[in-house]
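Every chain is numbered from 1 and lettered A, B, ... according to where its sequence line falls, protein lines coming before strand lines. Just the heavy atoms: all of them, side chains too, but no hydrogens, waters or symmetry mates, feed the values below.
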Amino acid sequence: EPEVTQTPSHQVTQMGQEVILRCVPISNHLYFYWYRQILGQKVEFLVSFYNNEISEKSEIFDDQFSVERPDGSNFTLKIRSTKLEDSAMYFCASRNPGVLEQYFGPGTRLTVT
Amino acid sequence: AQSVTQLGSHVSVSEGALVLLRCNYSSSVPPYLFWYVQYPNQGLQLLLKYTSAATLVKGINGFEAEFKKSETSFHLTKPSAHMSDAAEYFCAVTEPTGRRALTFGSGTRLQVQP
């Protein structure tokens, strides 16, 4: 069964460093999402991406964040200058047009020290 | 704006007992509702969804949920808990048109006692 994959599973970085989180969505899906879950809190929407552009973003997704689909398979989330409060589990999700359910990857745990 | 409230951050049941996880939503438009499950160190897996068809929705692993518009609820139930049901459960809402991002509740951790 096709699934969303994410790498790395765990990333430790120092405050102020740039990080890139990688996702490979399900191959025929066209909508892509990033969510995050700070430890002990709810899952929060960050950004959605369709047709090579951002279709929606939340207040969390400020200028420090960017997304890219550099090729036909990867979908990345970049944080330019990480802050302690960026420590969280980051989930990638994808879905097909006309289908409601989003399929989630296993997540990348980002720890900023 | 949409929101989801899950009452009870932790629920503990005995194996074989009824599971009831509560979810109430707020939405200015007819909602589409989902339950996701998260097993330890894994991603979110879709259990079931409500999309304005039948109000009683059956999902995987014996779970079901009933959409009650008058109560703005979408509670998740399972008649008989199994040890393997121990996980975190998230209720989520989205709107049927426009933005498709999910708004999640804070989650309920289900413990199943032998």
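Only the side chain of B:Leu46 comes within contact range of chain A, with at least one heavy atom under 4.5 Å from a heavy atom of that chain. Of the two parts of A:Gln6, neither the backbone nor the side chain holds a non-hydrogen atom closer than 4.5 Å to a non-hydrogen atom of chain B.
The CD atom of A:Gln37 lies 10.5 Å from the OG atom of B:Ser106; values are rounded to the nearest 0.5 Å.
Note on A:Tyr33 and A:Phe61: separate hydrophobic clusters, where clusters join Ile, Leu, Val, Met, Phe, Trp and Tyr whose side-chain heavy atoms are under 4.5 Å apart, directly or indirectly. When hydrophobic clusters are built by joining Ile, Leu, Val, Met, Phe, Trp and Tyr residues whose side-chain heavy atoms come closer than 4.5 Å, directly or via intermediates, B:Tyr39 is not grouped with A:Leu39. B:Val37 and B:Val112 fall within a single hydrophobic cluster, where Ile, Leu, Val, Met, Phe, Trp and Tyr side chains are chained together by heavy-atom contacts under 4.5 Å. The hydrophobic cluster containing A:Val43 does not contain A:Leu110, counting ILVMFWY residues as joined when their side-chain heavy atoms lie under 4.5 angstrom apart, directly or transitively. Following chains of ILVMFWY side-chain contacts shorter than 4.5 Å, one cannot reach A:Tyr103 starting from B:Phe34, and the two form parts of different hydrophobic clusters.
The number of heavy-atom neighbours closer than 6.0 Å to CG of A:Asp63, taken from other residues, nucleotides and ligands shown, is 12 or below. No more than 12 heavy atoms of other residues, nucleotides or ligands sit less than 6.0 Å from atom NZ of B:Lys58.
Here the shortest heavy-atom pairing between A:Gln102 and B:Tyr36 reads O-OH, 2.9 Å.
Using a 4.5 Å cut-off on side-chain heavy atoms (C-beta onward), B:Gln38 and A:Phe91 make contact. Side-chain atoms of B:Tyr32 and A:Glu101, non-hydrogen and from C-beta on, never get closer than 4.5 Å to each other. The shortest side-chain heavy-atom distance between A:Phe45 and B:Thr103 does not fall under the 4.5 Å cut-off. Residues B:Gln42 and A:Phe104 have side chains not in contact (no heavy-atom distance under 4.5 Å, counting atoms from C-beta outward).
Judged by distance alone, with hydrogens and angles left aside, the side-chain atoms of A:Tyr35 form a donor-acceptor pair with the main-chain N or O of B:Leu102 at under 3.5 Å.
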